[in-house]
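Quick caveat, the model's predicted, so the values are computed rather than measured. When a residue number appears, it is its place in the shown sequence, counting from 1.
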Amino acid sequence: MAHPTVDAPNRPAAPLSLHGLSVEGVNQCVHCGLCLSSCPTFSLLGTEMDSPRGRIFMVKSLAEGRMALSDSVVSHLSLCLDCRACETVCPAGVPYGQLIEAAKAEIEHARPGSVPRRIFRWLNFGLLLEHPRVLRAAAAALRAYQVSGLQRLCRATGLVRLLPGTLPAWERLLPRIPPASERRPLPARIAAEGERRGRVALLEGCIQSVVFGAHNQATARVLARNGWDVVVPRAQGCCGALNAHGGDHARAVAMAKRTIDAFETAQADAIVVNTSGCGAHMKAFGTLLAGDGAYAARAERFARSVQDISEILAHEPLRGPLAPVPMTVAYHDPCHVVHGQKIRTQPRSLLAQIPHLKLVELAESDWCCGSAGIYNLTQPEMAERLLQRKVDHIVETGAQAVVTANPGCILQIQQGLRARGREVKVLHIVEILDRAYGR
């Protein structure tokens, strides 16, 4: 954290930074307030320090050494969803996502918390996300916990409530772990069908690969049906998005470098991602590694090649024939697709091409559902308020299914609908497209 200094006469002020990360973007803010109405936490709480403008003020004050990293400051900054809705409406182009990630990295450096918290973060951000084999073993253990009846017993007897800290909330949000057939890595290559358009490399992801492996399979099939050779680099692992959003900057940098190394060998025309947070993060590798002489230029090239699944498919009309999918659906925009990657029309244009599929408007479709990476675990009260607001709007549509493009949103919205007793499906967009191709 910066400390007050006295500059020599006529000497330019040092660039503003937190934890070694530039926060010069704070000076782009013109304090217009257009971000206030787009910020979920400000809309619910109405306090300036829980708005983007208020948080920018805190980040600048911290970097200039005019404010201490007090409990109150940490609370206001940590309550930020990092949804980046403020970026969409900001006329000055403030890079808010970069600012809040720098602030969270500073918080973790200066106030890492208790020993149990640090161990818990290492287990998740270090051991599990950095080591795919350990993650797969953990997924297999959770699968056994769920299908053996042990989970049902622990919940029925109240044993779960004996877990320390926020672990009971984490257990409640555990996703269903699919069978081993859906957790297997994809083949190294899936050949294009029909006229070949090019070659893409697919990110399998970390959590995505063990919880939503079926989405990866569907993504590969849909790409192949649309003329793309799909290669799956074997050396890939976690891209580091969760680490970056959680203030674990050093590991995020290391993971970014490993991801670049793995995908450069694929020699693909594009890198395709079907998880919104990963896509937005990978498109920012150029910024993340700008100061690294060995990786800066490579990171820029890599970032330019990353495309969301809806983005690459929407370049041309979907190849037919497409089977009818008689269903009424609403589309929820994941934050890091619509705000982080500025992708809004492409998913809707793809859905509009499917015969008999009716797309109805969802109010506040681009508002955060409260998942926000691990936000629903670290800030459960605010996450729940946002979830209830999202579910209210979904119920109002009368849709049979909600279509989206991010695993965290799927899990969060599923939980909210289930708690309401609503039989509304929550599907990834590739599942709908896969159905249209006869799966």
Side-chain angles (χ1 to χ4, degrees), residues 116-185 204-218 238 242 246 275 277 369-388 390-391 394 401-402 404 406-428 431:
R117 180 182 183 274
R118 280 177 276 172
I119 292 173
F120 191 69
R121 280 177 61 86
W122 173 80
L123 286 172
N124 286 277
F125 288 150
L127 185 63
L128 291 177
L129 296 185
E130 277 198 297
H131 301 92
R133 289 183 179 178
V134 177
L135 182 61
R136 287 195 294 270
L142 285 175
R143 169 75 178 175
Y145 169 66
Q146 291 173 342
V147 301
S148 66
L150 184 57
Q151 182 182 53
R152 190 165 54 251
L153 175 65
C154 289
R155 290 179 174 181
T157 59
L159 286 174
V160 168
R161 292 194 295 272
L162 301 178
L163 292 171
T166 60
L167 286 181
W170 284 61
E171 199 281 339
R172 180 172 58 87
L173 292 172
L174 277 178
R176 171 191 166 272
I177 305 298
S181 60
E182 293 183 21
R183 303 197 306 271
R184 281 198 293 266
E204 287 191 284
C206 47
I207 306 300
Q208 177 78 355
S209 66
V210 297
V211 179
F212 291 108
H215 295 175
N216 288 342
Q217 295 168 9
C238 178
L242 286 173
T275 54
C369 65
S371 173
I374 61 170
Y375 187 91
N376 54 354
L377 302 173
T378 60
Q379 303 288 339
E381 182 179 346
M382 179 58 69
E384 181 65 20
R385 292 178 67 178
L386 291 168
L387 175 60
Q388 293 310 314
K390 180 66 67 175
V391 171
I394 291 170
V402 180
T404 188
N406 186 58
C409 299
I410 291 172
L411 293 173
Q412 176 82 341
I413 296 172
Q414 277 178 340
Q415 184 210 352
L417 289 167
R418 192 162 50 241
R420 291 274 189 100
R422 296 285 178 169
E423 296 295 328
V424 180
K425 297 177 181 178
V426 188
L427 304 171
H428 195 290
E431 293 183 277

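The heavy-atom pair separating Ser209 from Asn216 by the smallest distance is CA-ND2, 3.9 Å. Shown here for Leu387 and Gly416, the closest heavy-atom pair between the two residues is CD2-CA, 3.7 Å. Nearest approach of Cys369 to Gln412, heavy atoms of both residues: O-NE2, 3.2 Å. Contact between Ile177 and Arg143 at its shortest, heavy atoms only, is O-NH1, 2.8 Å. Between Gln146 and Pro175 the shortest heavy-atom distance is NE2-O, 2.8 Å. Nearest heavy-atom pair, Gly370 versus Ala383, reported as atom, atom and distance to 0.1 Å: O-CB, 3.3 Å.
When side chains are defined from C-beta on, Trp122 does not count as touching Leu128, because their heavy atoms never get closer than 4.5 Å. Annotation: side chain of Leu174 is in contact with side chain of Tyr145 (closest heavy-atom distance under 4.5 Å). In this structure, Ile410 and His215 have side chains that are in contact, with non-hydrogen atoms separated by less than 4.5 Å. At least one side-chain heavy atom of Arg418 sits under 4.5 Å from a side-chain heavy atom of Gln414.
To the nearest 0.5 Å, the span separating CG on Leu153 from OG1 on Thr157 amounts to 4.5 Å. Put simply, CG on Asn376 and CZ on Arg172 are 8.5 Å apart, with the number rounded to the nearest 0.5 Å. Atom CD of Gln415 is separated from atom CG of Leu173 by 4.5 Å, given to the nearest 0.5 angstrom. To the nearest 0.5 Å, the span separating CD1 on Ile374 from CG on Asn124 amounts to 7.0 Å. A distance of 11.5 Å separates CG in Leu411 from CZ in Arg176, rounded to the nearest 0.5 Å. Note that OG of Ser371 and CG of Asn406 are 6.5 Å apart. Values are rounded to the nearest 0.5 Å.
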Discussion item. Apply side chain to side chain contact (heavy atoms under 4.5 Å, CB included) to residues Ile394 and Ile413 and explain how you reach the verdict.
Written reply: CA-CA 9 Å; Ile394 291 170; Ile413 296 172; 3.6 Å; yes
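Applying the side chain to side chain contact (heavy atoms under 4.5 Å, CB included) criterion to Arg422, with sequence neighbours excluded, gives Val395, Leu417, Arg420, Val424. Glu182 is linked by a side chain to side chain contact (heavy atoms under 4.5 Å, CB included) to Pro178, Pro179, Ala214, counting only residues two or more places apart in sequence or in another chain.
Counting non-hydrogen atoms of neighbouring residues, nucleotides and ligands closer than 6.0 angstrom, the CZ atom of Arg152 reaches no more than 12 such neighbours.
Side-chain contact check for Gln388 and Glu384: at least one donor-acceptor pair (N or O, by modelled atom type) lies under 3.5 Å.
Between the side chain of Ser148 and the backbone N or O of Leu150 there is at least one donor-acceptor pair closer than 3.5 Å. With hydrogens and angles disregarded, a donor-acceptor distance shorter than 3.5 Å links the side chain of Glu431 to the backbone of His428.
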Indicate every side-chain donor-acceptor pair of residues 130-142 with a distance under 3.5 Å to a residue at least two apart or in another chain.
| residue | atom | partner | partner atom | Å |
| --- | --- | --- | --- | --- |
| Glu130 | OE1 | Arg251 | NE | 3.4 |
| Glu130 | OE2 | Arg258 | NH2 | 3.2 |
| His131 | ND1 | Leu127 | O | 3.1 |

